[in-house]
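Scroll down for the structure; my scribbles are underneath it.
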Amino acid sequence: MLTKRIIPCLDIKDGRTVKGVNFVNIRDAGDPVELGTLYAQQGADELVFLDISATNEQRKTFASLVRDIARHINIPFTVGGGISSVADVAPLLEAGADKVSINSAAVRNPNLIDELSRAFGAQCIVLAIDARKIDNLWTVHTHGGKNPTDKKLFSWAKEAQERGAGEILFTSMDHDGTKSGFANDPLGKLYEMLQIPVIASGGAGTKEHFIDAFVLGKADAALAASIFHFGEVKIPELKSFLKSKEINVRMN
Amino acid sequence: MKFVIIKYNAGNIQSVSFALERLGIDFTITDNAEEIMKADKVLFPGVGEASTTMAYLRDKKLDQVITNLKQPVLGICLGMQLMCKYSEENNTDCMGIFGESVKLFIPKDNLKVPHMGWNNLTLSSGWLDPAIENQFAYFVHSYYVPVNSYTSAITEYINPFSAAMHKDNFYAVQFHPEKSAKTGELVLKSFLKV
């Protein structure tokens, strides 16, 4: 039976992980390869590496980091951050990434989804959507949540599927950082209307929140960052807990 | 031992070579027929679309080279599908090492296509390490090979299908051992031992 996936997310700036990382059993919390390897050993099902470097120059070095990640990590991983063309994606996949995630550039130019999907296959195109509720409408934001757009979550997710996205990574900005649980209502609605997998993101605080995302939100996967980095929720314990609650997860 | 990865436009060559590197295996990546024929073991990776990939292999005459190999050959993902007789993906005639036809998953009971993620393996025969029984492997595919007399592991998604096969010197897996953590390493080690 296909399992629900647990996905730690690492933000990378100038080749180093950012946001605090609080591990005792890791020598260098800033090294994305070492942290990713640790998560893989702990039973993470996939990893996401987001490059938040400010300049294009720094982004160019990202492909060599991706190669280093692929060399050491034996589970699938997605990379993203600032991708806006077929030419941006090719070196990342050639370096060993399994999927790429796109966000702002796809909002600006929705054709990018079609182009990437045709060039590399739908299975490696993850459309990331950051949205928050404004006047009761889930409004899509770009540039790390800074800029509101005209697009609405549900119609944009549907359009992305039709254009050839292989997965939707939905981050609720209203839940992100609150540790009060995932946005299960819109997740459930995305499940009803889409045929492609949905990754829940934003709001993870406890192990129970993952149960809710999978049962109420019907998400295919759940992504989190700080609770894993700070060890508030440990992946092996999370997976044992999910299994005890009859959620189908991969145990290793 | 001389280990060769067949070089063609497959998307996962880098990941496969890193996986072999992690196991400490020396290998060459080549599309040179003589070099492939001289190898002790051959790995045939694959991520992509069936018809364009078959056309490329025919153009380079690699389809004949692979079909006539006598040493152990491991096909991965699309590699396994191309070793079959025919694929529904753009009505493609394939190499025919296995006499089976590759079929498109028809979505059922909210099960999405492609089949993407970790799923468990039930071993039915032979070459795979028994420790792999009921362990999880990483799959990404929309087409599958039905269970047949050459099936050596079964996975269930929409319907039971061949997760691994074996016939004579030809071995194949539908999942990605290069991305399947410890289980994937056991699969590659199993192939090293055949």
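Here is how names work: the chains are called A, B, and so on, in the same order as the sequence lines, proteins then strands, and each is numbered from 1.
Glu178(B) touches chain A through its backbone: at least one of N, CA, C or O sits under 4.5 Å from a heavy atom, while the side chain does not. Interface remark: Ala95(A) contributes backbone atoms only to the contact with chain B (heavy atom separation under 4.5 Å). Interface remark: His115(B) contributes side-chain atoms only to the contact with chain A (heavy atom separation under 4.5 Å). In this structure, the portion of Glu94(A) lying under 4.5 Å from any heavy atom of chain B is its backbone and not its side chain. With a threshold of 4.5 angstrom between heavy atoms, Gln195(A) approaches chain B through N, CA, C or O but not through any side-chain atom. Contact of Ala181(B) with chain A is made through backbone and side chain together, with heavy-atom distances under 4.5 Å. If you measure heavy-atom distances from Lys182(B) to chain A, the contacts under 4.5 Å come from the backbone alone. If you measure heavy-atom distances from Ala70(A) to chain B, the contacts under 4.5 Å come from both the backbone and the side chain. Proximity to chain B is absent for every atom of Phe120(A), based on heavy atoms less than 4.5 angstrom apart.
Checked against a 6.0 Å centroid threshold, the rings of Phe77(A) and Phe49(A) count as neighbours.
When each of Arg71(A), His72(A), Lys4(A), Lys218(A) is checked for heavy-atom pairs under 4.5 Å with chain B, Arg71(A) comes out on top. The residue among Glu185(B), Gln14(B), Lys179(B) with the most heavy atom pairs within less than 4.5 Å of chain A is Lys179(B).
Residues Tyr144(B) and Thr155(B) form no side-chain contact, since every pair of their non-hydrogen atoms from C-beta on lies 4.5 Å or further apart.
Below 30°, between 30° and 60°, or above 60°: for His166(B) and Tyr171(B) the angle between ring planes is below 30°, a parallel geometry.
Salt bridge absent: Arg58(B) and Asp93(B) never bring a charged side-chain N and a carboxylate O closer than 4.0 Å.
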